[in-house]
Amino acid sequence: MSTIGTPAQPLFKPKEYASSQEVKWCPGCGDYAVMNAVQRAFSELGLKKEEVAIISGIGCSSRFPYYMDTYGFHTIHGRPAAVATGVKLANRDLRVWVMAGDGDSLAIGGNHFIHAVRRNVDMNFILFNNQIYGLTKGQYSPTTERGTVTKSSPFGTVENPFSVGELVLGAQGRFFARVPDTDVKLMAKVMVEAEKHQGLSVVEVLQNCVIFNDEVFDAITSKETRADNQLILEHGKPMRFGANNDKGIRLRGLELEVVTLGQNGITETDLLVHDATCASNVLHHLLAQMRLPDFPIAMGVIRSTAGPVFDADLAAQMKAEQERSKYASLDALFLSGNTFTIQPGTDKPDGIT
Amino acid sequence: MSTIGTPAQPLFKPKEYASSQEVKWCPGCGDYAVMNAVQRAFSELGLKKEEVAIISGIGCSSRFPYYMDTYGFHTIHGRPAAVATGVKLANRDLRVWVMAGDGDSLAIGGNHFIHAVRRNVDMNFILFNNQIYGLTKGQYSPTTERGTVTKSSPFGTVENPFSVGELVLGAQGRFFARVPDTDVKLMAKVMVEAEKHQGLSVVEVLQNCVIFNDEVFDAITSKETRADNQLILEHGKPMRFGANNDKGIRLRGLELEVVTLGQNGITETDLLVHDATCASNVLHHLLAQMRLPDFPIAMGVIRSTAGPVFDADLAAQMKAEQERSKYASLDALFLSGNTFTIQPGTDKPDGIT
Amino acid sequence: MKSHEEMSGTMNGKEAMESVVIKFAGDSGDGMQLAGTLFTDTVAVHGKEIATFPDFPSEIRAPQGTVAGVSGFQVHFGSSGVHGPGDAPDVLVAMNPAALKSNLKDLRPACTIVVDRDSFGKRDLDKAGFATDPLEDGTLDGHQVLAAPITSMTKAAIADAGLDNKSADRCKNMFALGMVYRLFDQPMDQTIGFFQHKFKKSPAIAEANIRALKAGHNYVLTMEAVPATYTVQPAARTPGTYRNITGNQALAWGLMAGAKKAGKDLFLGSYPITPATDIMQELAKHKWAGVKVLQAEDEIAGICSAIGASFAGDVAVTTTSGPGMALKTEAIGLAVMTELPLVIVNVQRGGPSTGLPTKTEQSDLLQAVCGRNGESPVVVLAASTPAACFDRAVEAIKIATEHMTPVILLSESYVANGAEPWKVKTLDELPAIHPPVLTRPDPAWTPYGRDPATLARKWVVPGTPALQHRIGGLEKDECTGCVSHDPQNHEAMVALRRQKVERVADFIPEQKFRGKGAKKLLVVGWGGQFGTLFGAVTELRSEGKDIAVTHFNHIHPLPRNTASIFEQFERIVVCELNSGQFANYLRAVLPQFTYLQYNKVKGRPFKVSELKEKFNELLAQ
Amino acid sequence: MKSHEEMSGTMNGKEAMESVVIKFAGDSGDGMQLAGTLFTDTVAVHGKEIATFPDFPSEIRAPQGTVAGVSGFQVHFGSSGVHGPGDAPDVLVAMNPAALKSNLKDLRPACTIVVDRDSFGKRDLDKAGFATDPLEDGTLDGHQVLAAPITSMTKAAIADAGLDNKSADRCKNMFALGMVYRLFDQPMDQTIGFFQHKFKKSPAIAEANIRALKAGHNYVLTMEAVPATYTVQPAARTPGTYRNITGNQALAWGLMAGAKKAGKDLFLGSYPITPATDIMQELAKHKWAGVKVLQAEDEIAGICSAIGASFAGDVAVTTTSGPGMALKTEAIGLAVMTELPLVIVNVQRGGPSTGLPTKTEQSDLLQAVCGRNGESPVVVLAASTPAACFDRAVEAIKIATEHMTPVILLSESYVANGAEPWKVKTLDELPAIHPPVLTRPDPAWTPYGRDPATLARKWVVPGTPALQHRIGGLEKDECTGCVSHDPQNHEAMVALRRQKVERVADFIPEQKFRGKGAKKLLVVGWGGQFGTLFGAVTELRSEGKDIAVTHFNHIHPLPRNTASIFEQFERIVVCELNSGQFANYLRAVLPQFTYLQYNKVKGRPFKVSELKEKFNELLAQ
Ligand SMILES: Cc1ncc(C[n+]2csc(CCOP(=O)(O)OP(=O)(O)O)c2C)c(N)n1
Ligand SMILES: Cc1ncc(C[n+]2csc(CCOP(=O)(O)OP(=O)(O)O)c2C)c(N)n1
Ligand code: SF4
Ligand code: SF4
Ligand SMILES: [Mg+2]
Ligand SMILES: [Mg+2]
């Protein structure tokens with residue numbers, strides 16, 4: 001149900017998707033940029049306001065629906081994927097967007113998240129990963145780097161974080177993208193692709209929380225380092241990056257390797273060419289796993305492959321059953337099989353009808 | 001806390017680990033074989049009965065603790081991983097074993113499962129995967145193959161199943177093994193390795209439910225086909241299998257390939273050598289993903305790598321804090337900082353203590 | 001050992017009975033549920049009043065031959081006076097010693113007992129925990145024992161049907177059923193038709209079962225010692241077309257009918273749990289009717305997906321039992337706050353915790369009424385009989401959608417698995433349902449604007465042009481629906497949500513009672529214990545006792561005239577299968593009355609006899 | 001605009017007051033919580049009775065300058081008569097127009113209002129929604145306004161301290177605090193010491209704050225128009241060592257003390273949620289004391305890990321608030337069935353659903369008492385003041401471990417975030433705790449064998465040789481603890497579990513009340529509304545009114561003598577921050593009395609004045 005062409009003339013300008021509510025995130029919060037990107041994407045996709053349902057849980061990021069002039073539902077902590085699944089099944093024409101923090105989607109909401117991924121419901125899941133619980137004022141989350149001191153880990157955490165991409169792939173995910181909150185253009189582009197993708201699209205936003213986890217993504221997103229520390233993927237393009245665009249990624253056995261073009265006779269043809277659409281997810285795993293300082297962080301659409309879509313398949317099954325049903329109506333069902341009749345007056349059964 | 005040598009003389013024979021309770025699984029249920037294997041493993045490991053705590057959820061398989069003469073806790077549906085985490089943190093000397101069905105661990109319990117894996121708590125998680133809800137009489141589970149007709153999917157499921165191994169690896173798992181319920185010896189061996197592994201060990205048992213999902217693993221486990229359809233992995237050994245032991249697995253780019261030894265000049269040196277302990281999990285992903293009919297099903301320990309163990313790290317942190325604490329006692333804490341004293345008689349403060 | 005030939009006594013005195021209770025009991029593998037169901041279908045088709053009570057072990061397969069492994073199916077049928085599955089069997093079919101053992105305590109004097117003599121070997125007796133053979137040692141004195149060599153005769157009967165030993169063994173139940181048909185003079189064509197149809201593709205199996213059935217029938221028929229037995233007249237019922245239906249099936253069908261009447265698709269988000277699973281399984285069959293079933297990953301996802309579907313315009317339902325209900329309470333609060341229609345079905349079972357999953361109980365009432373954080377009022381209904389589950393389901397949808405509120409519908413194991421004849425309703429006969437849907441812009445509309453009569457807000461679903469709005473779990477401004485932290489507004493909204501639910505009392509029928517003119521004792525019941533309570537009081541009244549009974553299907557809010565019934569009586573006794581939850585609820589809601597209690601917490605329904613004893617005691621005081 | 005020079009009136013008549021309420025209000029970024037806390041620490045150290053009430057916006061950062069973004073901190077301090085944080089401020093510090101606006105309704109007549117004149121520009125007024133300047137337009141007539149140019153004077157004061165503009169801005173709160181210190185003639189060394197210590201490594205910041213503080217102090221000091229102000233005498237208190245403590249901190253410390261007394265490690269399994277998070281955060285600091293904290297993936301894992309830890313021998317606790325409590329109810333049932341000690345702390349907040357997460361309410365009482373599936377009794381306690389949280393936590397552990405039962409301890413936002421002086425207790429002063437631990441084989445032992453006095457079973461933890469056993473959520477045999485489906489046994493076990501909890505009444509103190517001899521009106525309260533209820537009744541009694549008050553910390557079971565108190569009064573009024581939950585509970589437990597209700601559901605605590613008004617009304621009837 002997500003076959004969308006880019007309209008000749010956008011229906012609305014990005015800002016026109018904003019509701020009249022005052023936006024209440026902290027000044028400087030990465031959430032603002034995500035909202036801008038979403039509005040841009042909506043505009044580019046030419047979405048009608050009423051066809052969009054934005055579903056969130058609880059968290060700073062989950063205030064998102066209030067700020068958009070679409071249908072919106074600020075549900076309860078951890079459950080937006082489940083609520084959104086119901087929304088989509090009730091009305092497949094809706095464009096369903098889930099907005100959820102790392103705590104909302106991976107701590108309390110982890111189960112619904114992996115099941116939504118597995119089922120491949122046709123909706124978009126924007127995961128605001130600030131590696132912290134913002135709304136409750138600064139406890140570590142399941143994505144917080146080991147050793148981080150937070151309000152609830154005064155001596156540093158001793159937990160291994162999830163890697164969002166790896167979890168998505170491990171749960172049979174078919175669309176995974178990663179974007180930094182500092183690049184609105186890339187975010188918007190990726191969100192357009194997410195909406196166009198049929199099935200569940202997970203977009204992990206590396207989102208800065210200026211209050212409780214400021215600068216945690218600085219090495220990745222700062223002006224000085226981002227070119228060297230981000231690999232922006234494009235399907236079908238060789239994996240090049242770096243301030244001078246002279247670095248690349250090469251495959252060596254089952255591992256990736258950073259190489260410099262021009263050194264040791266390495267040319268672009270030695271580099272891996274990104275294939276987001278291949279059925280096998282091994283390359284996507286390798287890309288999702290890349291970590292600083294040895295590797296740049298992969299950005300953009302890491303995986304986007306077609307596969308059976310739950311809501312579509314369910315609808316198809318219902319249609320098929322409708323066509324071959326032996327009952328014309330509920331009345332027919334209720335009267336089918338073994339029934340018996342009591343005749344007026346006689347109070348006796350007259351046998352099987 | 002799991003450094004166990006194999007004792008010269010086992011403390012108990014396998015059967016001596018059985019409790020006096022009558023076992024109430026259906027005749028022919030795969031759960032019997034798992035119990036046999038666990039008892040053998042306990043015997044081989046020389047475990048004391050009182051040092052073992054078996055924690056289960058709800059399901060046929062979750063009746064397990066009742067049948068063992070150890071400590072046991074039949075908890076509630078989906079929560080054994082969470083309960084077990086508390087058990088282990090309360091007493092790290094215990095050998096904690098979780099027994100859970102595919103529904104218990106991956107449907108309602110999915111969140112606790114992935115978080116236990118991520119935290120890497122030192123315990124053993126035996127996942128009885130019969131691809132069905134047994135106790136509630138035959139609804140499909142998150143591991144049921146697409147299209148299966150069950151009590152709750154009269155027209156076949158339209159859901160993509162989880163692959164247990166992939167989910168474990170995607171959740172940063174460090175020990176994953178797969179075994180068929182038809183091979184008690186292999187099961188026992190793998191369970192010994194699971195207990196010896198420090199951190200969370202997930203053992204997926206392909207368990208036959210004779211009542212609601214009979215023969216679902218037949219192609220893998222039947223006498224006629226098992227040699228061709230199982231690849232039994234051993235760390236450091238080339239990946240060979242087949243009725244004539246003439247087939248093997250070779251790497252080709254990022255993919256695996258089944259080859260026949262002797263054909264096209266292929267020799268054992270062309271085959272992949274299993275490395276369960278390598279830090280990268282790419283090979284383990286590839287192995288976990290192998291599916292019939294193109295590939296045999298990988299059995300045995302697929303991944304077993306050392307890494308930070310949650311309960312150990314937490315204990316270490318507590319010890320460090322104890323050593324450098326500025327408080328000798330709770331009394332000292334309560335009296336620290338800003339206090340003030342009311343003198344008898346005067347009812348006046350005498351200033352800061 | 002007594003054989004049937006030697007059987008003493010005759011089956012007399014039972015023909016006169018209004019109704020008969022028969023229990024099929026055997027090992028889980030013995031097919032007792034099938035035998036019971038087939039019998040029920042037959043008697044129902046022939047117009048009897050019936051009530052059934054299946055009673056299985058909670059283990060899938062407890063060890064064969066043990067008491068823990070006994071599976072039972074009790075049918076109560078008759079021309080009238082069937083107020084529940086009956087207290088104690090008049091006829092017991094016991095396929096092995098364990099089945100006999102587990103039913104010994106419950107037998108009436110002079111019960112007819114059919115046993116498989118072949119299964120009373122030494123090992124069988126041991127497994128069942130009999131030191132000596134009860135067929136021999138006087139245990140069954142006073143009863144009429146029909147000890148047939150069922151196993152061997154079945155084997156013999158189907159010897160040449162081409163089945164292996166194991167399959168042949170599986171036909172024993174039909175032999176026993178054939179015997180019972182003969183005992184009650186019932187026709188077998190219905191059952192024969194069942195096998196012919198069901199095993200169309202395996203005619204050998206069909207044939208074997210039919211032969212066993214007939215062999216059993218013939219066995220009794222040809223036994224001279226056994227007289228022609230009970231004849232139960234068809235019940236006097238409202239004319240019309242009937243079918244036999246279980247509570248869970250009726251509930252599922254009622255949900256479908258309700259959604260249809262509301263002009264909406266039905267959405268079910270659910271997770272399997274005994275004894276509610278059947279509702280989901282029934283609905284899953286009806287994809288043809290536009291029913292969407294999501295078997296969710298857990299109960300929380302079940303209800304949350306339903307809330308999402310409700311937001312998006314479906315009639316949304318979630319079904320569960322106690323432990324699952326506990327998990328849903330947070331999300332019920334969300335539905336309360338967002339004022340979305342939602343039906344939550346709780347088929348109660350024995351608690352606390354996992355408790356007694358296959359046994360019946362009424363101990364989740366207070367959880368339904370007040371088991372949530374915050375002031376979180378919902379409508380609570382309860383179903384009183386298997387067939388009534390249909391009406392309650394329709395009503396739950398009507399109230400939920402027209403009043404924009406969650407409705408908790410309480411069923412219970414006993415009702416859910418029980419069966420009775422249901423007078424088939426057509427959709428036309430059902431009340432109209434008019435949800436307050438708004439599809440066009442209306443300048444007066446605000447997301448939390450309300451209907452003055454119901455206090456319901458409008459249901460504006462995503463996709464509706466120009467009415468975009470946002471809802472959520474934070475406190476809402478009384479009018480705009482925007483987030484509000486204003487203290488006055490909060491107090492007003494707490495009151496509004498309460499009043500909206502209380503107003504439902506304006507739209508439900510008045511409470512009825514049986515026993516006009518009585519003034520000494522009012523028996524109060526609720527939910528699935530209707531049959532036995534009515535039965536006991538009816539019997540006492542026919543004995544001339546000053547007693548009445550009123551039974552509640554509407555728990556919260558109570559019918560408006562409740563107090564005016566209560567005040568007519570000197571004493572009120574509240575009878576329920578828990579420690580006094582409805583009594584405590586009444587003490588809070590109608591504190592002006594004094595409530596006596598009669599409680600039973602044994603995982604079993606009330607018996608007419610124990611109720612009568614209790615009421616007589618109270619009347620004597 | 002009135003400047004301070006023009007300020008009319010003087011601050012008279014306040015010296016005579018027993019106690020004073022002061023409120024610091026400003027933008028969330030203005031550091032009002034810090035100013036309030038430092039002030040509280042100072043007055044507490046100087047021996048005053050205090051009570052505090054922080055009141056923040058639920059948004060992390062609502063837009064600057066708006067009413068939604070106002071953060072407040074109220075302190076009530078005095079020599080006596082401090083029964084809560086006070087109704088209305090005597091002194092208001094308003095750092096911007098929004099802060100003024102949000103407090104206008106609550107001001108006493110003749111209040112002293114400190115404002116930052118620099119923040120009353122046109123844009124500031126707009127943001128706060130003032131059409132005209134309240135400092136000019138008569139809005140504040142009758143009040144004493146102290147309009148200081150706080151921003152500019154602070155900047156000036158710290159001009160050469162080497163801070164950037166933004167950091168300089170952050171010192172405004174200290175200027176205001178300095179003013180208040182001067183107004184109340186309080187010493188500043190405590191606060192100065194705080195900065196010197198806290199910013200040891202950033203002396204510039206320390207210096208700037210101290211300079212701002214002194215500048216504010218001096219500003220008031222040198223203002224001729226302002227007289228020397230209130231002097232509050234230290235409170236008459238039991239001699240001993242005191243410290244200032246919040247409810248959440250006291251609760252955390254009480255848990256540590258309780259576990260120590262029980263000779264066990266403390267385990268906390270929890271998930272963050274306002275307003276309970278602080279307890280977890282406090283405990284996480286005390287790893288040195290052997291406290292194990294698992295920040296779980298959700299509330300269910302929080303309680304389940306605690307149940308596991310309890311099984312394995314730790315004193316296990318889980319902490320949460322309403323929505324999280326809802327999620328824990330299934331697992332509480334497991335603890336009930338397995339009879340494991342467990343403390344569940346619910347710091348209540350405004351509901352239903354997400355509700356009003358930062359506001360106070362008492363609306364989870366019935367959820368605690370009966371919000372579970374099945375008959376699932378637990379002990380319920382409630383904490384009445386911040387310092388009392390310590391004692392209740394110790395008691396919760398004592399009851400849980402000695403009686404082998406889950407205990408729900410209800411706190412509430414108001415108590416959790418409030419502070420008061422706590423007379424420090426040493427471990428020796430605390431009651432001994434003797435859990436029924438069994439470590440050696442005992443032939444008489446069975447897993448569900450019971451102590452005849454408490455009905456508690458033994459706590460046998462894994463690792464204990466030769467006592468291996470299995471527990472679980474299915475119904476247990478009364479003695480062996482094996483799974484049992486026996487009807488009689490189930491009824492017996494339901495009764496035993498209830499009795500075990502009811503027996504706790506034999507071990508708790510008798511209920512007290514204030515107002516011996518009174519007979520007209522008994523005020524009944526529970527939990528955190530102790531202060532104002534006692535305050536109001538005490539004041540009325542000193543006015544000679546026939547009124548008494550009794551306040552419950554033990555909710556379930558009630559103290560044994562409760563009825564004997566109630567029966568002394570003509571009328572009973574139950575006062576609570578919900579729609580009548582404790583009243584309904586009392587109607588069920590002690591139905592022989594009639595209960596009037598006084599309820600407030602505004603997310604705010606009671607005020608002494610509104611209580612007095614209500615009570616006077618009732619007394620007049
Ligand atoms: C059932 C429940 N548990 C806990 C909370 C408290 N809570 C609200 S948001 C949140 C976590 C927020 O973190 P995240 O999801 O990462 O969102 P962020 O604020 O960082 O955007 C928590 C623990 C709640 N509201 N409900
Ligand atoms: C909260 C809750 N929800 C649902 C159930 C019902 N239930 C019990 S076991 C089970 C699933 C059993 O399947 P699985 O975990 O795969 O175990 P198996 O029986 O196949 O070994 C379900 C749905 C329950 N007991 N509690
Ligand atoms: S606390 Fe962090 S995540 Fe939340 S609004 Fe502020 S900056 Fe954003
Ligand atoms: S139902 Fe299946 S899984 Fe359960 S005991 Fe029987 S065979 Fe085993
Ligand atoms: Mg976050
Ligand atoms: Mg299973």
Side-chain angles (χ1 to χ4, degrees), chain B residues 19 21 48-56 58 65-66 68-76 79 81-91 93-94 111-112 115 314 317-318 320-322 324-325 327 329-331 333-335 337-345 347-349 351-353, chain D residues 41 44-47 190 234 236-244 253 256-257 260 265 267 269 286-290 292 294 296-298 300-301 304-314 316 330-331 334 424-427 461-474 482-483:
Chain B
S19 77
Q21 292 282 307
K48 295 190 200 127
K49 292 178 178 186
E50 69 267 19
E51 71 180 330
V52 177
I54 304 183
I55 316 296
S56 68
I58 300 287
Y66 291 125
M68 297 288 290
D69 188 23
T70 62
Y71 285 92
F73 198 166
H74 183 219
T75 70
I76 44 178
R79 318 301 174 191
V83 175
T85 298
V87 170
K88 186 70 186 180
L89 292 179
N91 184 352
D93 291 334
L94 297 174
N111 206 28
H112 314 304
H115 281 270
L314 194 71
Q317 203 174 50
M318 287 174 64
E321 286 309 309
Q322 223 153 334
R324 67 177 210 201
S325 163
Y327 307 111
S329 65
L330 289 182
D331 286 339
L333 169 70
F334 296 168
L335 287 165
N338 289 337
T339 60
F340 56 96
T341 307
I342 306 280
Q343 293 294 1
D347 268 16
K348 290 264 184 194
I352 305 171
T353 56
Chain D
D41 283 346
V45 160
H46 292 86
Q190 165 96 2
R237 277 208 209 91
T238 321
T241 301
Y242 286 79
R243 68 180 304 135
N244 193 15
W253 287 15
M256 292 199 287
K260 195 91 200 157
D265 282 349
F267 177 93
H286 300 295
K287 290 207 160 73
W288 65 271
K292 300 165 194 164
L294 175 70
E297 55 272 25
D298 59 20
I300 298 173
C304 285
S305 62
I307 290 172
S310 173
F311 175 59
D314 278 357
E330 190 203 3
L334 178 65
V424 177
K425 293 204 174 154
T426 61
L427 290 181
V461 308
T464 313
L467 294 178
Q468 296 95 268
H469 64 284
R470 277 68 55 192
I471 59 173
L474 288 163
C482 293
V483 174

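Hydrogens, waters and symmetry mates are skipped; everything else that's a heavy atom, side chains included, is used. Every chain is numbered from 1 and lettered A, B, ... according to where its sequence line falls, protein lines coming before strand lines.
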Should we count NZ of D/K260 as having more than 12 external heavy atoms under 6.0 Å?
no

Under a 4.5 Å cutoff for heavy-atom pairs, which residue among D/S305, D/A257, D/A289 has the most contacts with chain B?
D/S305

Atom CD1 in D/I307, atom OG1 in B/T75: separation rounded to 0.5 Å?
8.5 Å

Under 4.5 Å, counting heavy-atom pairs only, tell me which of B/A53, B/G72, B/A82 racks up the most with chain D.
B/G72

Side chain, backbone, both or neither of B/L333 within contact of chain D (heavy atoms, under 4.5 Å)
both

Quick check for you: among D/P462, D/A301, D/A296, D/G472, which has the greatest number of heavy-atom pairs under 4.5 Å with chain B?
D/P462

For the residue pair B/H112 and D/I300, establish whether any side-chain heavy-atom pair is separated by less than 4.5 Å.
yes

Decide yes or no on side chain to side chain contact (heavy atoms under 4.5 Å, CB included) for D/L467 and B/Y71, but give the supporting numbers first.
CA-CA 8 Å; D/L467 294 178; B/Y71 285 92; 3.5 Å; yes

So for B/S56, is it side chain, backbone, both, or neither that comes closer than 4.5 Å to the heavy atoms of chain D?
neither

Nearest-0.5 Å distance, CG of residue D/D265 to CE of residue B/M318
6.0 Å

Under 4.5 Å, counting heavy-atom pairs only, tell me which of B/M68, B/R324, B/K48, B/E51 racks up the most with chain D.
B/M68

Which value, rounded to the nearest 0.5 Å, describes the distance between D/K287 atom NZ and B/S325 atom OG?
13.0 Å

Could you look at D/A306 and say if it's the side chain, the backbone, both or neither that has a heavy atom under 4.5 Å from chain B?
neither

The test is side chain to side chain contact (heavy atoms under 4.5 Å, CB included); show your working for D/F267 and B/L89 and say whether it passes.
CA-CA 8 Å; D/F267 177 93; B/L89 292 179; 3.6 Å; yes

Which one of D/C482, D/A316, D/A312 has the most heavy-atom pairs closer than 4.5 Å to chain B?
D/A312

For D/W288 versus B/Q322, what's the shortest heavy-atom pair and its separation?
O-CG, 3.3 Å

Chain D shares the most heavy-atom pairs under 4.5 Å, among B/L314, B/I76, B/N111, B/N91, with B/I76

Nearest 0.5 Å please: distance from the OH atom of D/Y242 over to the OG1 atom of B/T339.
12.5 Å

Using a 4.5 angstrom heavy-atom cutoff, name the option from D/G290, D/A44, D/A331 with the most pairs to chain B.
D/A44

Main-chain N/O of B/T70 paired to D/R470 side chain as donor or acceptor, under 3.5 Å:
yes

Side chain of B/D331, backbone of D/L427: donor and acceptor closer than 3.5 Å?
yes

If you measure from NE2 on D/H469 to OH on B/Y66, what distance do you get to the nearest 0.5 Å?
11.5 Å

Counting N and O atoms only, with roles assigned by atom type, does the side chain of B/K49 sit under 3.5 Å from a partner on the main chain of D/Q468, one being a donor and the other an acceptor?
no

If you tally heavy-atom pairs under 4.5 Å against chain B, which of D/P465, D/G473, D/A466 wins?
D/P465

Report yes if some heavy atom in the side chain of B/Q21 is under 4.5 Å from a heavy atom in the side chain of D/V483; otherwise report no.
no

